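Take a look at the structure set out below.
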Amino acid sequence: MTTATVPLRARPARAARRRARRLAFLPLLAPATGAFVLVFWVCMGVLVVMSVYPFLAAGTPRLTAEAWRRFLGDAYYWSVVGTTLRLAAVVTGACLLLGYPAAYAIHTIRRPGWALACYVVLFAPILVSVVVRTYGWLLLLSPTGAVNWVLRTLGLVREPIPLIFNTTGIVIAMVHILLPFAVFPILSVIGQLGGELKEAAMDLGATRWQTFRRVTLPLTLPGVVAAAQIVFTLTISAFVTPFLMGGGKVQILSGLIYRDMEAVNLAFASVVALVLLGLAVAILVASNLLVRGTYRRAEVTV
Amino acid sequence: MSDGRPRAGRRRRDPVRLALAVHLAGIWLFMLAPIGFVLVYAFSSVSYAVFPPPGLSLRWFVKLFQQAALFQAAVNSLLVALAATAGSLMAGTLAALALVRYRFWGREILRAVFLAPLIVPRIAFGVAMLIYAIVLRRFGGLDSLILAHLMVTLPFAISVLSAALVGVDRTLEEAAMDLGATPLVTFWKVTLPQIRTGLAVSAFFAFIISWDQVETSLFLVKTDNMTLPVAMFYYLQRQQDPVVAALSVFLIGLAAAGAVVAVVLVNPRDLQRLLAAGGR
C-alpha cells in the first residue's frame with residue numbers, strides 16, 4: 001500500500017481511487033464498533049457501577065462497598081472460588097489427557113472417510129443443546145441408569161455408586177461438552193507439523209517415545225496451551241451443566257450468580273460476575289505470559 | 001497427507017496404533033452415548049431413568065404436544081438466532097474486511113475490543129445485560145435478547161471471517177477493478193464467492209451458539225417470552241420426565257440434518273482451519 005508499489009505509469013484515476021479507499025475502513029468498522037461499544041462495553045461498565053452503586057428496590061442508589069466487603073470477607077465465598085478453580089483444573093486435565101491422543105489418532109488416520117467421521121462424531125454433539133446433553137448424562141449416570149446397571153451386572157459394585165448430584169457427574173458431563181474444544185486446537189497444530197523432524201529424530205536413533213517426548217510434544221505444546229485456555233475459561237464460566245449435574249450440592253461461582261439473581265440481589269451478583277471475569281482474564285494473561293516465555297512468536301492459529 | 005508418517009505405522013499389529021484406535025473408539029462411545037440415551041428414553045414408558053427401560057410408549061410425545069409454551073419458545077429461539085446470525089454476518093464481514101485489509105492506528109486495540117466478549121463469562125454478561133435492559137426499560141423484549149446474542153456471536157464471526165479473508169486472492173480483485181468493476185461489484189462478485197466457506201461456517205456458528213444460548217438469555221427472558229433452551233432448563237429443574245427427551249428427538253434430528261448439510265457442502269480442509277479459528 002506504500003507509494004513505492006504504485007507503478008510510475010499508473011493512471012491518475014487509479015491513484016485517486018486508492019486515496020479514497022484509504023479511509024474506507026471507517027464505515028466498514030462502524031456497525032461492529034457501534035454494537036460492541038454501545039452494548040457490550042457499556043454492559044461491562046454497568047457491572048462495575050452496579051457492584052458499588054446499587055439501585056435497590058427501596059430507596060435511591062448510593063455508593064457502597066458492601067457487596068464487595070461481603071464477598072471478600074467471607075471464607076465461604078473463597079471456598080466457592082476454590083471449588084470453581086479445582087473443577088476447572090480437573091476438567092481441563094481430563095480434556096487434555098483424552099483429547100491429545102484422540103487428536104493424534106485422528107491425524108494418523110489415512111482414509112479421508114474415517115477422518116471425516118471422527119470430525120462429525122466430535123463436532124455433532126455441539127449441535128445438540130447443552131441442556132439435552134446434560135439430560136443425557138443425568139439418564140446415564142443416575143443410580144438406576146445404564147452405567148450403574150453395567151457396573152452391577154459385571155459385579156464390579158454391589159450398591160449403585162453416586163454419579164450424579166456430585167462433582168463426579170459434573171466432571172464427566174463437562175468433559176463431554178468441552179472435549180471438542182480441546183481436540184480442535186491440538187489437531188490444528190498437529191496438522192501443521194511437518195514429518196521431517198520426526199523422521200530425522202527416528203533416523204538418528206531415537207525411539208518412538210523419545211521422538212514423541214522430545215520432538216512432537218514440544219512442537220504441539222502451543223495447541224495444548226490453547227486447548228487448556230479454552231477449556232479452563234469455559235469451565236469456570238459454565239452454568240447449566242454444573243447446576244443440573246450438581247443438583248445444588250456443588251456450589252460454584254456461576255451458581256452463586258444464579259442464586260443471587262433469583263433473590264434479586266443485583267449488587268452481589270455483579271460482584272460475583274466481576275470476580276469470575278477477573279479469574280478468566282487472570283488465567284488467560286498468566287498462561288499467555290508463560291507461553292510467550294517459552295515460544296516466542298509460536299504459530300498458533302487459535 | 002501420508003508423507004512424513006513413520007514407516008512403522010504401516011505394520012498391521014503396531015501396538016501404538018492399536019492403542020490409539022481403541023482410544024478413539026472409546027471417544028466415539030463417550031461422545032455419542034448421552035445423545036443415544038436421550039433418544040432411547042424418549043420412548044420409555046416410565047418417567048424416571050431406569051435401565052433397561054421397562055417398556056415402550058409414545059406418551060411423552062403426546063405430553064410434549066400439549067406444551068404450547070415450548071412451541072412458542074422454539075419460535076422465539078428461531079427468530080432470535082436468525083436475527084443474531086444475519087447481524088453477525090453483516091457486521092462481521094465489514095469489520096473483518098477493515099481489520100484484514102487496512103493498516104490503521106489502533107487496529108490491534110480494536111481487534112481486542114471486538115474479541116473481548118469471548119473471554120467474558122456469558123453468565124456475567126447476562127447479569128450486566130439484564131441490568132442494562134432494566135435501565136433502558138427494554139427488559140423482556142426479543143430486541144434486547146437479539147442484541148445480547150449478537151455480542152456473543154459477532155466475535156466468532158469476525159475471527160472466522162478474518163481467517164477466511166486472509167485466504168482471498170487479491171490479484172483477482174485487482175483484475176476486476178482494472179477491468180472497470182466498482183468496489184461494490186468486485187466485493188460481490190469476486191470477494192464474497194471466495195469467502196463462501198467462511199460465511200457458511202460463521203453463519204453456522206452464530207446460529208448454533210444463539211440457538212443454544214442459556215447463560216446469556218437466562219436473566220433476559222420472561223416466563224411468557226422464553227427461548228427453547230431456557231424453557232428446557234427450567235423444565236428439567238422442576239421435573240425430569242422424558243418430555244425433554246421427546247423434544248430432543250426433533251432437535252437431534254435437526255442437528256443431524258445440519259451436520260449432513262455441512263459435510264456435503266463444506267470442504268473438510270477449510271472446515272478444520274476455520275473451526276480452529278472459531279474454536280473459541
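Letters A, B, ... mirror the listed sequences (proteins, then strands); counts begin at 1. The shown structure was predicted, so the numbers you read here are calculated from the model rather than taken from an experiment.
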Relative to chain A, which of [options] shows the most heavy atom pairs under 4.5 Å?
options	result
B/Leu236, B/Ile35, B/Ile252	B/Leu236
B/Val230, B/Val50, B/Leu251	B/Val50
B/Pro53, B/Pro117, B/Ala98	B/Pro117

Any donor and acceptor pair, going by atom type alone, linking the side chain of [X] with main-chain N or O of [Y] inside 3.5 Å?
X	Y	answer
A/Trp41	B/Val113	yes
B/His23	A/Leu98	yes
B/Asp212	A/Leu127	no
B/Glu215	A/Ala238	no
A/Thr144	B/Ala49	yes

Non-hydrogen side-chain atoms of [X] and [Y] separated by less than 4.5 Å:
X	Y	answer
B/Val120	A/Phe40	yes
A/His176	B/Pro34	yes
B/Leu228	A/Val131	no
A/Val39	B/Met129	yes
A/Val130	B/Val214	no
A/Ile236	B/Pro121	no

Using non-hydrogen atoms and a 4.5 Å limit, figure out which bit of [X] sits close to chain B: side chain, backbone, both or neither.
X	answer
A/Ala173	neither
A/Phe243	side chain
A/Ser142	side chain
A/Leu122	both
A/Val120	side chain
A/Leu276	both
A/Val272	neither

Taking [options] one by one, which has the highest count of heavy-atom pairs under 4.5 Å against chain B?
options	value
A/Ser254, A/Ala269, A/Gly99	A/Ser254
A/Leu26, A/Val240, A/Val147	A/Val240
A/Ala30, A/Ala117, A/Gly34	A/Ala117
A/Pro31, A/Ala35, A/Ala146	A/Ala146
A/Ala273, A/Ala124, A/Cys43	A/Cys43
A/Ile106, A/Leu47, A/Val121	A/Val121

Can you tell me if [X] has over 12 outside heavy atoms packed within less than 6.0 Å of its [atom1]?
X	atom1	answer
B/Arg138	CZ	no
B/Phe104	CZ	yes
B/Arg103	CZ	yes

Candidate pair A/His107 and B/Leu20, rule side chain to side chain contact (heavy atoms under 4.5 Å, CB included), full reasoning: CA-CA 11 Å; A/His107 173 68; B/Leu20 285 176; over 6 Å; no
Contact part of [X] toward chain A, heavy-atom cut-off under 4.5 Å: side chain, backbone, both or neither?
X	result
B/Ile158	side chain
B/Val135	side chain
B/Ala21	neither
B/Leu136	neither
B/Ala256	neither
B/Tyr132	both
B/Leu130	side chain
B/Leu218	side chain
B/Phe204	side chain

Matching residue for A/Leu28 among B/Leu97, B/Leu99, B/Thr93 - test: side-chain contact (heavy atoms from CB on, under 4.5 Å):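 The option that passes is B/Leu97.
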Partner of B/Val38 under side-chain contact (heavy atoms from CB on, under 4.5 Å), chosen from A/Leu138, A/Thr134, A/Val132, A/Leu140: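 By the side-chain contact (heavy atoms from CB on, under 4.5 Å) criterion, B/Val38 pairs with just one of A/Leu138, A/Thr134, A/Val132, A/Leu140: A/Val132.
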Minimum heavy-atom distance between A/Ser237 and B/Ile123, given as atom pair plus value: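 Smallest heavy-atom distance, with atoms named: O-CG2, 4.2 Å.
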Test side chain to side chain contact (heavy atoms under 4.5 Å, CB included) applied to A/Ser270 and B/Ile131, step by step: CA-CA 9 Å; A/Ser270 301; B/Ile131 300 168; 3.6 Å; yes
Within the 6.0 Å centroid threshold, strictly below: B/Phe30 and A/Trp137: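 Ring centroids of B/Phe30 and A/Trp137 are less than 6.0 Å from each other.
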Aromatic ring proximity A/Tyr135/B/Phe37, centre distance under 6.0 Å: no
Spatial distance of atom CG (A/Leu266) from atom CD1 (B/Ile134) [nearest 0.5 Å]: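 Reported to 0.5 Å precision, the distance equals 5.5 Å.
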Whether A/Trp114 and B/Trp28 hold their rings parallel, tilted or perpendicular, with breakpoints at 30° and 60°: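 Answer is tilted, since the angle falls between 30° and 60°.
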